[in-house]
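Written out below as structure tokens is the structure these notes cover.
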Protein chains: 2
Amino acid sequence: MVTTVTAPKPSAPPKKASFREKMHQAREDAIVSAVNRLLAERGFEGMTVDEVAAEVGVAKASLYKHFPSKEHLAAAAMVRILQRTLEHMATLPPQLPAHEKLKSVVRWAMQVHLAGEMPLLPTENSTLRSTLMAHGAYLDALVEVSDGLGTWIGEAQASGALNPTTPPIVVLYTLFARACDPVLGFMKAAGQHTTDEIVEWVLATCFNGLNTR
Amino acid sequence: MVTTVTAPKPSAPPKKASFREKMHQAREDAIVSAVNRLLAERGFEGMTVDEVAAEVGVAKASLYKHFPSKEHLAAAAMVRILQRTLEHMATLPPQLPAHEKLKSVVRWAMQVHLAGEMPLLPTENSTLRSTLMAHGAYLDALVEVSDGLGTWIGEAQASGALNPTTPPIVVLYTLFARACDPVLGFMKAAGQHTTDEIVEWVLATCFNGLNTR
DNA sequence: GTCTATACTAGGATAGAC
DNA sequence: GTCTATCCTAGTATAGAC
């Protein structure tokens, strides 16, 4: 075949390639957004791929051209929320005290939660767990968020703002857990308060505790 | 059929009736225990009726002689944990300060959680939710627990032990949520601390907050 | 890479004998 | 009221045309 004369594969025009790529990304973004919302509403087990397809307005088979399984769909949504978290963290002014940065992140996460966009934490022993634990992008993003928060936790404890006797890992896990706090949903369902009020009360409970100070 | 001579249905000997009844109750108790454990491990959607049957060591069809649906299996487990909560509440000495009673209940619930016996809260929009909302025994038990805790919350806020500016409903929901706090599972999975340490730290975080006091 | 149509399986529920 | 065997829907995933 060495002697065969074939035209060299023409490199596609950059403009067009970029356009196609953009469409592709936009479509995947729409998919991940839908997954994210359904994950927040129903959890991984409760969410069905049919629902995702319906919400995106695309055939189910098409989803599987983008992502190889339901677990990978969910993983993409988890990566996305972690990246959004990193983006929020990056917007915080460096001179802000560490404990204020932490508060801001939790406040932001609670607002995301109340907006119905915070995926529920996967239960242990879930098929999702093992996929996530083998998912490089997810682990990377998780480590990056944890490291960032961990640094601030150290600073806030050193400054005396956060209780230094609490093990930092307890603080870190508590912050993650508060982002998914069911209290937010309960209060919203009770329907007696604005989302801002709910966020401030739950946030205050988190940092100040239930006891009188 | 009025003229038909039939022996009057002999009332079963109390001893034997009681025995049969006891066997029945013991079987149902075993079922509910298994459901409770699997609900804690996998959540409602993640739990399968096959697993329940396997764990009890009984045929799946037999389960449906006791409970009409998967939802009702779960509801029975929810009722049971609420009743266990009421039992624990009843053991507390009346002269104990209200805020200590509340702490004791949360501590107990966390221990139950770490023992793998705390059913996960049902996600909103679940088929389980609607069954629970139509389940008299569940609602009764829920109201009874809520009323009991609500009374203590009022007392603890009046005494100044709990922050009186926090809406009581926030306190109540927070206590329920802490019983299912994923932080407990995270810390346990991290495997660096005893369950007693975990409980005390999470409990302290709940009542004292993350901030330095 | 999108669609329609379908394969395949898991899982909730039931039939019917004992 | 327990069992075995089965029904049947829902839901993940894929085939194959365009």
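In what follows, chains carry the letters A, B, and so on, assigned in the order in which the sequence lines appear, proteins first and then strands, with residues in each chain numbered from 1.
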With respect to the side chain of [X], which nucleotide from [options] is positioned closest?
X       : options               : result
B/Ala61 : D/dT4, D/dG1, C/dT2   : D/dT4
A/Ser69 : D/dA13, D/dG1, D/dT12 : D/dA13
B/Ala59 : D/dT2, D/dA13, D/dT4  : D/dT4

[N] phosphate, OP1 or OP2: any side-chain N/O from [X] under 4.0 angstrom?
X       : N      : value
B/Tyr64 : C/dT14 : no
A/Arg27 : C/dT2  : yes
A/Ser62 : C/dC3  : yes
B/Thr48 : C/dG11 : no

(request) Compare every heavy atom of B/Ile81 with every heavy atom of B/Glu117, then report the nearest pair and how far apart it is. (result) O-CD1, 3.8 Å
(request) Write down the atom of A/Ala177, the atom of B/Asp181, and the distance for their closest heavy-atom approach. (result) CB-OD1, 3.8 Å
Roughly how many Å is it from [atom1] in [X] to [atom2] in [N], rounded to a whole number?
X       : N      : atom1 : atom2 : answer
A/His24 : C/dT2  : NE2   : P     : 8 Å
A/Asp50 : C/dA5  : CG    : P     : 15 Å
B/Phe67 : C/dG12 : CZ    : P     : 16 Å
A/Lys60 : C/dC8  : NZ    : C1'   : 12 Å
B/Glu45 : C/dA10 : CD    : C1'   : 15 Å
A/Leu38 : D/dG11 : CG    : C1'   : 15 Å
B/Leu73 : C/dG12 : CG    : C1'   : 11 Å
B/Leu63 : C/dA13 : CG    : P     : 11 Å

(request) Kindly assign one of parallel, tilted or perpendicular to the pair A/His135 and A/His72, based on the angle between their ring planes and the thresholds 30° and 60°. (result) tilted
(message) Both A/Lys65 and A/Gly46 contact DNA chain D. Taking the nearest nucleotide for each, which residue is further toward the 5' end?
(response) A/Gly46
(message) Between the side chains of A/Arg42 and B/Glu45, is the shortest nitrogen-to-carboxylate-oxygen separation below 4.0 Å, so that they form an ion pair?
(response) no
(request) Take A/Ser69 and A/Thr131 through the test side chain to side chain contact (heavy atoms under 4.5 Å, CB included) and record every step on the way to the result. (result) CA-CA 10 Å; A/Ser69 71; A/Thr131 298; 5.5 Å; no
(message) Within the 4.0 Å heavy-atom criterion, would you say B/Met47 contacts the bases, only the backbone, or no part of the nucleic acid?
(response) sugar-phosphate
(message) Using a heavy-atom cut-off of 4.0 Å across all strands, would you classify A/Lys70 as base, sugar-phosphate, or nothing?
(response) sugar-phosphate
